Amino acid sequence: MPSNGTAEEAKQPLLDYSSTAARSKFGDGRDDDGLDLSQRVWIESKKLWHIVGPSMFSRLASFSMFVITQAFAGHLGDHELAAVSIASNVVVGFNFGLLLGMASALETLCGQAFGAKKYHMLGIYMQRSWIILFICCIFLLPLYLFASPILKLLGQPSNIAELSGVVSLWMIPLHFSFAFQFPLQRFLQSQLKVAAIAWVSLAALVVHAVVSWLFVYRLKLDVVGVAVTLNFSWWVLVLGLFGYTVCGGCPLTWTGFSIEAFSGLWEFVKLSVASGVMLCLENWYYKILILMTGNLKNAEVAVDALSICMNINGWEMMIPLAFFAGTGVRVANELGAGNGKGAKFATTVSVMTSVVIGLFFWIFIMLFHNEIALIFSSSKTVLEAVNKLSVLLAFTVLLNSVQPVLSGKRNIFFLFFFFSPK
């Protein structure tokens with residue numbers, strides 16, 4: 001059994017390597033044990049899919065909650081769909097991208113600590129991430145409180161901005177759930193506890209579907225009910241993952257709350273911000289596109305159509321993002337174990353697999369371009385607008401099958417080179 005750690009261990013450099021691991025910077029890894037290429041690909045694919053499969057399901061389930069919410073809003077009316085789309089894609093989406101990126105630092109830290117068998121540090125890293133992300137959520141709170149005037153200032157129509165502001169206020173509990181759910185997911189993912197994440201995500205998705213139906217169709221809460229449902233489902237995720245962690249699911253890596261989590265916070269902040277900026281800048285340009293559509297003629301239809309395309313793209317993007325996570329864990333584990341060549345090979349297999357899946361969805365969207373928006377809206381004008389955007393959507397999906405995976409590799413190596421001891 002590993003020790004619970006000391007204050008001195010908690011204050012050590014964030015990325016600490018043995019001499020063998022340090023040599024892996026220059027590609028000096030282990031041999032391939034005489035296996036041919038097909039065998040190596042098969043073995044690596046099994047390791048990768050052990051992480052990616054449950055991660056893909058959990059991400060699809062989590063994003064499906066937003067899709068279900070917008071689908072319910074779309075069937076209430078075009079105005080309601082536009083308001084919920086702006087609130088969830090722009091207001092929540094802006095913070096979501098930043099917090100998700102900041103939490104992604106744990107993929108490096110926990111993955112390498114697990115690979116180096118420094119198990120007790122995983123729990124400390126996660127607690128540091130909770131502290132930093134919670135403080136960040138407080139600083140981001142004005143974006144929810146003043147969403148209406150901010151959206152008006154950015155050129156959104158007054159009626160859409162007002163309703164979006166109301167929806168944003170009801171999504172504040174959702175905002176704070178990100179600070180705990182993202183680190184928990186990466187903490188478990190780094191030690192390959194991905195099945196637990198998948199089961200909790202399934203439970204949260206079922207809760208979300210039931211609560212959405214109850215609030216909208218039985219209690220007649222309209223757009224406010226649609227917004228509130230996300231709070232329930234995401235906090236089910238948080239409580240489920242936390243319960244699994246503290247109730248014996250991670251005996252080696254969770255040793256209880258520790259005051260050591262408050263040490264070395266500044267170094268952790270720099271690491272989290274570096275990771276967050278790299279990811280959120282790639283995410284924000286989608287939000288800017290949705291904001292720009294508010295300045296077009298017939299803004300409601302324009303916002304609805306683009307939001308539907310972004311949701312379809314975002315739904316499919318959960319697959320390459322699962323490969324992003326899988327690549328991060330595999331590369332971090334291999335670097336932590338001192339195998340630079342294994343890290344490079346894991347990235348290659350991950351990219352090629354993600355591209356094949358992207359080609360499948362590119363063909364699917366091209367074949368069913370007339371029907372893909374029916375889940376969100378029955379408005380003929382909205383369906384026609386989405387149909388016109390379908391070719392661009394198909395190519396966006398294809399290109400996004402590559403970029404997140406390479407981004408995951410880049411983030412890991414960036415953190416490895418620039419935050420490891422000199």
Side-chain angles (χ1 to χ4, degrees), residues 1-19 21-22 98-139 176-193 196-197 238-276 328-329 332-333 335-338 411-412 414-416 418-422:
M1 291 286 288
S3 65
N4 291 339
T6 64
E8 290 302 317
E9 287 178 305
K11 292 176 183 177
Q12 65 186 331
L14 290 177
L15 301 181
D16 189 15
Y17 307 96
S18 64
S19 58
L98 179 59
L99 295 170
L100 179 64
M102 293 180 69
S104 295
L106 287 182
E107 291 174 359
T108 304
L109 296 175
C110 289
Q112 296 226 6
F114 189 77
K117 302 187 186 302
K118 296 181 179 180
Y119 299 123
H120 67 281
M121 290 303 298
L122 273 75
I124 294 173
Y125 287 150
M126 179 174 67
Q127 292 173 60
R128 289 179 187 171
S129 188
W130 281 343
I131 295 167
I132 292 167
L133 264 65
F134 183 78
I135 293 172
C136 187
C137 281
I138 294 174
F139 282 113
F176 280 97
S177 73
F178 298 154
F180 301 98
Q181 194 267 341
F182 293 158
L184 274 165
Q185 187 179 48
R186 276 139 192 83
F187 166 79
L188 293 170
Q189 179 179 280
S190 296
Q191 48 192 306
L192 308 183
K193 305 264 184 197
I197 301 174
V238 173
L239 296 176
L241 296 178
F242 181 73
Y244 174 82
T245 298
V246 302
C247 294
C250 305
L252 295 179
T253 54
W254 176 261
T255 55
F257 293 100
S258 173
I259 195 68
E260 296 169 16
F262 291 91
S263 64
L265 282 179
W266 177 240
E267 289 297 317
F268 206 96
V269 167
K270 291 192 293 183
L271 191 61
S272 297
V273 169
S275 182
V329 173
N333 288 166
L335 289 177
N411 290 0
I412 294 295
F414 173 86
L415 298 173
F416 179 72
F418 290 95
F419 287 90
S420 57
K422 299 298 185 288

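A quick note: this is a predicted structure, and the numbers were derived from the prediction, not measured. Computation of the quantities below employed the complete heavy-atom set of this structure, encompassing side-chain atoms and omitting hydrogens, waters and symmetry-equivalent molecules. Numbers here are sequence positions counted from 1.
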Inset, instruction - Determine, step by step, whether C250 and F187 satisfy the side chain to side chain contact (heavy atoms under 4.5 Å, CB included) criterion, reporting the C-alpha distance in whole Å, the side-chain angles of both residues, the deciding distance to 0.1 Å, and the verdict. - result: CA-CA 10 Å; C250 305; F187 166 79; 3.9 Å; yes

Legend entry - Backbone N/O of S258 and side chain of Q127: donor-acceptor pair under 3.5 Å: yes

Inset, instruction - Check for a donor-acceptor pair, side chain of R128 on one end and backbone N or O of S263 on the other, with a separation under 3.5 Å. - result: yes

Inset, instruction - State, to 0.1 Å, how close L99 and L133 come at their nearest heavy-atom pair, and which atoms those are. - result: O-CD2, 3.8 Å

Inset, instruction - Return the minimal non-hydrogen interatomic distance between Q185 and L241, and the atom names on each side. - result: N-CD1, 4.3 Å

Inset, instruction - Kindly state whether the ring of F176 and the ring of F134 have centres lying under 6.0 angstrom apart. - result: yes

The criterion is side-chain contact (heavy atoms from CB on, under 4.5 Å); which residues satisfy it with [X], sequence neighbours excluded?
{"X": "L239", "result": "none"}
{"X": "F262", "result": "I131, I259, L265"}
{"X": "S177", "result": "L174, W234, W235, V238"}

Inset, instruction - Over 60° means perpendicular and under 30° means parallel, so classify the ring planes of F257 and W254, tilted if in between. - result: perpendicular

Inset, instruction - Determine, stepwise, if the pair F242 / F180 fulfils side chain to side chain contact (heavy atoms under 4.5 Å, CB included). - result: CA-CA 9 Å; F242 181 73; F180 301 98; over 6 Å; no

Inset, instruction - Could you walk me through whether C110 and Q191 pass side chain to side chain contact (heavy atoms under 4.5 Å, CB included), step by step? - result: CA-CA 8 Å; C110 289; Q191 48 192 306; over 6 Å; no

Just verifying a value: how many Å separate [X] [atom1] and [Y] [atom2], rounded to the nearest 0.5 Å?
{"X": "T253", "Y": "L188", "atom1": "OG1", "atom2": "CG", "value": "7.5 Å"}
{"X": "F139", "Y": "L98", "atom1": "CZ", "atom2": "CG", "value": "12.5 Å"}
{"X": "Q181", "Y": "I197", "atom1": "CD", "atom2": "CD1", "value": "8.5 Å"}
{"X": "S129", "Y": "L109", "atom1": "OG", "atom2": "CG", "value": "9.0 Å"}

Legend entry - pair L184-W130: side-chain heavy atoms closer than 4.5 Å: yes

Legend entry - Side chain to side chain, P183 and Y125, heavy atoms closer than 4.5 Å: no

Inset, instruction - Return the set of residues passing ring-ring contact (aromatic ring centres under 6.0 Å, His included) with Y244 (not counting sequence neighbours), or none when no residue passes. - result: none

Legend entry - salt bridge (Lys or Arg N to Asp or Glu O under 4.0 Å) pairs, two or more places apart, involving residues 245-254: none

Inset, instruction - Hey, could you give me each pair passing salt bridge (Lys or Arg N to Asp or Glu O under 4.0 Å) that has a residue in residues 178-190? Not counting sequence neighbours. - result: E107-R186

